[in-house]
Amino acid sequence: MKLVFASNNTNKIKEIQQLVPASIQIVSLQDIGCSEDIPETALTIEGNAILKANYVTEKYGLNCFADDSGLEVAILNGAPGVHSARYAGTSKNDDDNMNKLLFTLKNETHRNANFKTVICLNVDGNQQLFTGKIFGEICTEKKGSNGFGYDPIFVADGYTKTFAELTMVEKSEISHRGQAVRQLVSFLSNYTDQTDR
């Protein structure tokens with residue numbers, strides 16, 4: 001089965017590729033000749049995932065999935081949330097985003113947060129949503145060089161290392177994206193079993 005992943009984010013593609021069985025071939029937007037920026041104008045993480053998946057299905061007629069993720073900080077009423085990638089501006093700079101968040105929380109002792117991923121799958125005219133969440137807290141300084149986004153400042157509950165100090169395999173076992181992808185893979189495994197009968 002071939003599925004378009006509505007992304008050109010090489011970090012996300014690597015993370016997801018290692019979780020998906022070999023029978024499912026993942027291709028990127030670049031692979032199908034889609035170079036335009038798909039608008040992410042929804043007010044929710046779910047909404048953006050749906051927008052991106054529908055764009056590919058409607059324009060290219062292909063089975064695809066799209067994800068959107070965000071970091072939700074409890075004391076900031078869920079911010080940066082849907083605006084996580086552009087928290088410090090339209091340049092989508094990870095360091096700027098982290099620096100802004102660390103500055104915003106500098107006098108806060110309540111630093112609880114969660115990462116959330118929603119995957120929207122469009123396959124053969126059907127749409128499914130899969131959601132993953134991991135809870136933890138924002139530490140006071142950046143640690144680690146693995147991962148991307150807010151990984152260097154997020155420590156999951158029960159862990160002492162940031163996501164950026166974990167290996168990709170360790171992170172994928174517990175991460176929000178790993179959870180959502182495993183739901184996607186489980187659905188696709190059952191789906192391909194049924195369509196092969």
Side-chain angles (χ1 to χ4, degrees), residues 5-16 28-30 35-53 55 65-120 131-157 159-168 170-181:
F5 178 25
S7 177
N8 280 321
N9 182 320
T10 52
N11 289 308
K12 282 187 185 180
I13 291 166
K14 268 187 216 162
E15 263 191 31
I16 288 178
S28 69
L29 290 175
Q30 193 174 359
S35 57
E36 57 264 42
D37 265 343
I38 301 174
E40 296 180 49
T41 53
L43 299 176
T44 62
I45 291 169
E46 289 85 351
N48 276 339
I50 291 166
L51 271 180
K52 289 187 275 188
Y55 184 92
F65 67 96
D67 83 320
D68 198 43
S69 300
L71 176 68
E72 300 174 326
V73 180
I75 202 149
L76 302 180
N77 297 315
V82 73
H83 304 293
S84 292
R86 298 174 181 80
Y87 187 48
T90 54
S91 64
K92 296 186 180 181
N93 183 282
D94 290 347
D95 273 323
D96 290 349
N97 289 334
M98 285 187 283
N99 290 339
K100 179 177 178 180
L101 185 59
L102 289 174
F103 181 79
T104 303
L105 296 176
K106 70 176 191 229
N107 297 318
E108 293 294 345
T109 52
H110 298 288
R111 305 173 74 90
N112 296 351
N114 67 268
F115 271 125
K116 177 180 177 181
T117 287
V118 177
I119 292 176
C120 175
T131 302
K133 260 189 183 185
I134 179 81
F135 292 87
E137 64 177 24
I138 305 301
C139 55
T140 55
E141 60 182 358
K142 300 175 208 167
K143 295 176 190 171
S145 56
N146 299 329
F148 57 99
Y150 295 88
D151 287 354
I153 60 171
F154 181 82
V155 179
D157 286 347
Y159 285 73
T160 54
K161 293 180 176 179
T162 68
F163 264 9
E165 293 176 294
L166 301 177
T167 66
M168 190 185 286
E170 288 172 330
K171 178 187 163 189
S172 293
E173 283 174 0
I174 60 166
S175 77
H176 48 305
R177 188 169 295 108
Q179 293 173 34
V181 170

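It should be emphasised that the depicted structure is a prediction, and the values quoted were computed from it without experimental measurement.
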J.: D151: what forms a salt bridge (charged side-chain N to carboxylate O under 4.0 Å, His left out) with it, not counting sequence neighbours?
T.: K171
J.: Can you sort out the partners of R111 under side chain to side chain donor-acceptor pair (under 3.5 Å), two or more places apart, ordered by chain and number?
T.: none
J.: Can you name the side chain to side chain contact (heavy atoms under 4.5 Å, CB included) partners of A53, sequence neighbours left out?
T.: C64, A66, C120, N122
J.: List in chain and number order the residues that pass side chain to side chain donor-acceptor pair (under 3.5 Å) with S175, two or more places apart in sequence or in another chain; answer none if no residue qualifies.
T.: none
J.: Quick check for you: to the nearest 0.5 Å, what is the distance between E108 atom CD and I75 atom CD1?
T.: 4.0 Å
J.: For E173, enumerate each residue passing the side chain to side chain contact (heavy atoms under 4.5 Å, CB included) test, keeping only those at least two apart in sequence or located in another chain.
T.: V169
J.: Which pair of non-hydrogen atoms, one from L71 and one from A113, has the smallest distance, and what is that distance?
T.: CD1-CB, 4.1 Å
J.: Give every donor-acceptor pair under 3.5 Å between a side-chain atom in residues 36-43 and any protein atom, sequence neighbours left out.
T.:
unit_1	atom_1	unit_2	atom_2	d
E36	OE2	Y55	OH	2.7
E36	OE2	K59	NZ	2.7

J.: Pair up each side-chain donor or acceptor in residues 100-107 with any protein partner under 3.5 Å, not counting sequence neighbours, and list the distances.
T.:
unit_1	atom_1	unit_2	atom_2	d
K100	NZ	Y87	O	2.9
T104	OG1	K100	O	2.7

J.: Heavy atoms only: give me the nearest V118-A49 pair and the separation to one decimal.
T.: O-CB, 3.6 Å
J.: Identify, with sequence neighbours excluded, every residue that meets side chain to side chain contact (heavy atoms under 4.5 Å, CB included) alongside S91.
T.: N93, D96
J.: Name all residues meeting the side chain to side chain donor-acceptor pair (under 3.5 Å) criterion together with N48; count only those two or more places apart in sequence or in a different chain, and write none if there are none.
T.: D68
J.: Report the distance from atom CD of Q30 to atom OG of S7, rounding to the nearest 0.5 Å.
T.: 11.0 Å
J.: Using ring-ring contact (aromatic ring centres under 6.0 Å, His included) as the criterion, list what pairs up with F163, not counting sequence neighbours.
T.: F115, F154
J.: What's the separation between atom CD1 in I174 and atom CG in D157, rounded to the nearest 0.5 Å?
T.: 9.5 Å
J.: For E72, check side chain to side chain contact (heavy atoms under 4.5 Å, CB included) against everything at least two apart and list the hits.
T.: I45, N114, K116, K133
J.: In Å, rounded to the nearest 0.5 Å, how long is the span from OG1 of T167 to CD of E165?
T.: 12.0 Å
J.: How long is the gap from CD on E46 to OG1 on T117, to the nearest 0.5 Å?
T.: 10.5 Å
J.: Please list, one pair per line, the donor and acceptor atoms closer than 3.5 Å that link side chains of residues 135-149 to other protein atoms, with sequence neighbours excluded.
T.:
unit_1	atom_1	unit_2	atom_2	d
K142	NZ	D95	OD1	3.1
K142	NZ	N99	OD1	2.8
N146	ND2	L166	O	2.9

